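Let me begin by presenting the structure, written as structure tokens, before commenting on it.
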Protein chains: 2
Amino acid sequence: MAKSKIKESGSEFRRMLREHGCKATPPRLLVLELLGKTKEPMSAQALIETLAGKTDQATVYRILKTLKHRGLIRQVDLRHNHAHYELSRGDEHHHLVCNHCGKIEDVRLCDVGATHQAILRHSKHFSKITQHALEFYGVCTSCRGPEPISEPHP
Amino acid sequence: MAKSKIKESGSEFRRMLREHGCKATPPRLLVLELLGKTKEPMSAQALIETLAGKTDQATVYRILKTLKHRGLIRQVDLRHNHAHYELSRGDEHHHLVCNHCGKIEDVRLCDVGATHQAILRHSKHFSKITQHALEFYGVCTSCRGPEPISEPHP
DNA sequence: TACACAAATGCGAGTTACTTGCAAGTAATT
DNA sequence: AATTACTTGCAAGTAACTCGCATTTGTGTA
């Protein structure tokens with residue numbers, strides 16, 4: 001194949017934004033590019049700090065909300081008292097989260113999507129499932145020690 | 001002479017707190033009783049409002065943090081920008097969340113716990129899984145209409 | 001390529017969610 | 001009932017997120 005690497009270039013994000021009915025503005029491209037090159041889901045704060053001087057925090061929050069509603073990104077909740085975000089690439093994956101240091105690892109096992117229909121058949125009030133979130137909480141190898149750390153992730 | 005059910009569960013919570021190394025104080029019992037009789041996971045705000053006049057909000061937040069660390073309650077994140085809490089009864093269950101009205105329904109299918117070992121075998125950095133959270137997002141029957149509601153849950 | 005205009009941004013101020021410091025109170029042990 | 005470490009209530013503080021509004025800009029149409 002001609003392209004050796006699936007890379008989300010600036011123009012790729014530009015196209016994605018337009019396809020989803022969003023204007024391709026510089027702040028949006030910055031947010032998407034940053035999420036694209038970061039492996040772990042990012043907090044709003046991390047995005048704001050990284051883009052300081054280039055984009056306002058209110059704008060970052062607005063962009064995150066918009067892109068989430070349009071389905072370009074996913075909100076990930078990791079019990080850290082603030083949301084994290086990651087690119088929605090269409091790949092189904094979940095997360096392993098360390099209760100002590102907050103480390104995040106992707107998990108690709110466990111095909112929960114297949115059970116959506118079964119869940120809806122058993123549900124009293126729901127007619128449609130669009131997404132699901134699966135997070136595993138535990139202890140990573142660098143946090144494992146003789147004594148468990150008393151206060152979990154900040 | 002007749003002992004009410006509420007009083008019985010009160011002493012049950014009292015016992016649970018002591019077993020987990022917590023003093024059985026009135027505010028803690030109030031929080032546990034409230035979570036015990038509410039079917040949906042509750043937000044801190046809902047607890048604070050319900051317990052207004054009886055307990056301070058700082059106390060409620062401190063109690064939630066303590067009980068969570070001690071394993072008496074579970075934090076549930078539903079992409080609502082604030083945490084929810086539910087009693088940790090040892091039963092494995094997950095949630096169906098309506099993207100529009102926020103309605104929550106319990107789900108008891110899907111035995112994800114069984115795959116913990118398989119996940120750890122594939123993990124590079126994790127040695128132990130203690131919990132997991134599985135949330136399904138969709139649309140409940142009362143929100144389903146000809147036109148999807150543009151702005152999801154407040 | 002120029003134009004019009006809805007959409008988006010930047011900035012400041014505001015709100016909500018949650019935390020902290022500290023004096024006073026209290027559950028559990030003795 | 002005395003002790004003591006743990007909890008609470010209050011007030012003030014910080015973090016996370018939102019809003020209002022004037023200005024700017026991307027994009028479809030001319």
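Chain naming here is simple, since letters A, B, ... match the order of the sequence lines and numbering starts at 1 in each. Everything numeric in this text was worked out from a predicted model, so none of it was measured. These values consider heavy atoms only, across backbone and side chains, with no hydrogens, waters or symmetry-generated copies.
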Rounded off to whole Å, could you give me the [atom1]-to-[atom2] distance for the [X] and [N] pair?
X       : N      : atom1 : atom2 : result
A:Leu17 : D:dG28 : CG    : P     : 13 Å
B:Leu30 : D:dG9  : CG    : P     : 9 Å
B:Leu47 : C:dA17 : CG    : P     : 13 Å
B:Glu19 : C:dA28 : CD    : P     : 13 Å
B:Gln57 : D:dA11 : CD    : C1'   : 11 Å
B:Arg79 : C:dA17 : CZ    : C1'   : 20 Å
A:Tyr61 : D:dA15 : OH    : C1'   : 8 Å
A:Ile48 : D:dA15 : CD1   : P     : 13 Å

Below 4.0 Å: OP1/OP2 of [N] and any side-chain N or O of [X]:
X       : N     : result
B:Lys23 : D:dA5 : no
A:Thr25 : C:dA8 : no
B:Arg62 : D:dT8 : no

What contact category does [X] fall into here, base, sugar-phosphate, or nothing, at under 4.0 angstrom with non-hydrogen atoms?
X       : value
B:Thr66 : nothing
B:Arg28 : sugar-phosphate
B:Ala58 : base
B:Thr59 : base

Enter the distance from B:Arg74:CZ to A:Tyr137:OH here, rounded to the nearest 0.5 Å. 12.0 Å
With a 6.0 Å cut-off on ring centres, are A:His116 and B:Phe136 close enough? yes
Would you say B:Thr38's side chain and B:Glu40's backbone share a donor-acceptor pair under 3.5 angstrom? no
Quick one: which of C:dA27, C:dT19, C:dG10 gets closest to the side chain of B:Lys65? C:dT19
A:Pro27 side-chain proximity, nearest of C:dG10, C:dC18, D:dT8: C:dG10
So for atom NE2, which belongs to A:His20, do other residues, nucleotides or ligands contribute more than 12 heavy atoms lying within a distance under 6.0 Å? yes
Which sits closer to the 5' end of DNA chain D, B:Ile63 or B:Asn81, going by the nucleotide each is nearest to?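 Mapping each residue to its closest nucleotide by heavy atoms, the 5'-most match is B:Ile63.
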Least distance between heavy atoms, A:Asp106 atom then A:Arg108 atom: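 Between these two residues, the closest heavy atoms are OD2-NH2, 3.5 Å.
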